[in-house]
Amino acid sequence: MDDAPRTPAAPGPLASFARFVALGGGVGLLSSGAVALLAERLPWALANALITVVSTLLCTELHARFTFGSGRHAGWLRHWQSAGSAAAAYGVTCAAMFALHLVQSSPGMLTEQIVYLGASGLAGLARFLLLRLYVFAGGRDRTATVESRQLQRLQGMLTAPVTVGASQQRQFSLASP
């Protein structure tokens, strides 16, 4: 019997996305309140920068441990990669708002929110894909190894010798023509 500690398999893409939205969105909501409270004592830009750094660190840890299934600390490389993707997402939302104000000099709050949330959603989707496929892809190595072993076992069963008569064995392969 194997006494090695087992880590749970990495969640699939839909489960990861749901966790990404729930954890990132939850931290985002808490961050918006924290920025408002901190902005009473500091300039808004500084409050926003501080909260952004803290929330990015927190989200990276949550995503490493729960969203993408590594079950362990993110490490500095993943923190820097995640910060880079967060900065790119921030740039996308700023560019969208800048473009809106170029097209419409005084948009209403509803229009601004629609543009901002739309850009944020697209940037978040791109960020999810980047984090899942690149930054946290190593968390799925164990799952890929297990799947590879299962595939090898299945191929072995499909190419196993088959007894045709009392003493004759023939090699049949169902896996290839």
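One-based numbering along the sequence shown.
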Check whether any side-chain heavy atom of Leu42 sits under 4.5 Å from a side-chain heavy atom of Leu50, and report yes or no.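 Yes; the side chains approach each other to less than 4.5 Å.
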Please tell me whether [X] and [Y] are part of a single hydrophobic cluster in this structure, the criterion being side-chain heavy atoms less than 4.5 Å apart.
X	Y	answer
Val92	Tyr90	no
Phe128	Leu130	yes
Leu125	Tyr134	yes

Rounded to the nearest 0.5 Å, what separation is found between the [atom1] atom of [X] and the [atom2] atom of [Y]?
X	Y	atom1	atom2	value
Ser31	Leu58	OG	CG	7.5 Å
Leu100	Tyr116	CG	OH	13.5 Å
Arg19	Leu23	CZ	CG	8.5 Å
Thr60	Phe136	OG1	CZ	5.5 Å

Mind running side chain to side chain contact (heavy atoms under 4.5 Å, CB included) on Leu129 and Phe17 for me, showing each step along the way? CA-CA 9 Å; Leu129 292 171; Phe17 185 70; over 6 Å; no
For Phe20 and His63, I'd like to know if the aromatic rings sit close, meaning centre-to-centre distance below 6.0 Å. yes
Worked verdict on Ile51 versus Leu38 for side chain to side chain contact (heavy atoms under 4.5 Å, CB included): CA-CA 9 Å; Ile51 296 300; Leu38 196 55; 4.1 Å; yes
Answer yes or no: is there a donor N or O on one side and an acceptor on the other, between the side chain of [X] and the main chain of [Y], under 3.5 Å?
X	Y	value
Ser82	Arg78	no
Ser55	Val27	no
Thr56	Thr52	yes
Glu112	Met97	no

For Ala96 versus Ala119, what's the shortest heavy-atom pair and its separation?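 Scanning both residues, the minimum pair turns out to be CB-CB, 3.5 Å.
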Of all the heavy-atom pairs spanning Arg132 and Pro11, show the shortest one and how long it is. NH1-O, 3.5 Å
For the CG atom on Leu14, are there more than 12 heavy atoms of other groups (residues, nucleotides or ligands in this structure) within a distance under 6.0 Å? no
Hey, can you tell me if His73 and His79 have their rings parallel, tilted or perpendicular (30° and 60° cut-offs)?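 Tilted: the ring planes of His73 and His79 meet at 30° to 60°.
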Given side chain to side chain contact (heavy atoms under 4.5 Å, CB included), test Ser85 with Leu131 step by step and report yes or no. CA-CA 8 Å; Ser85 71; Leu131 292 176; 3.9 Å; yes
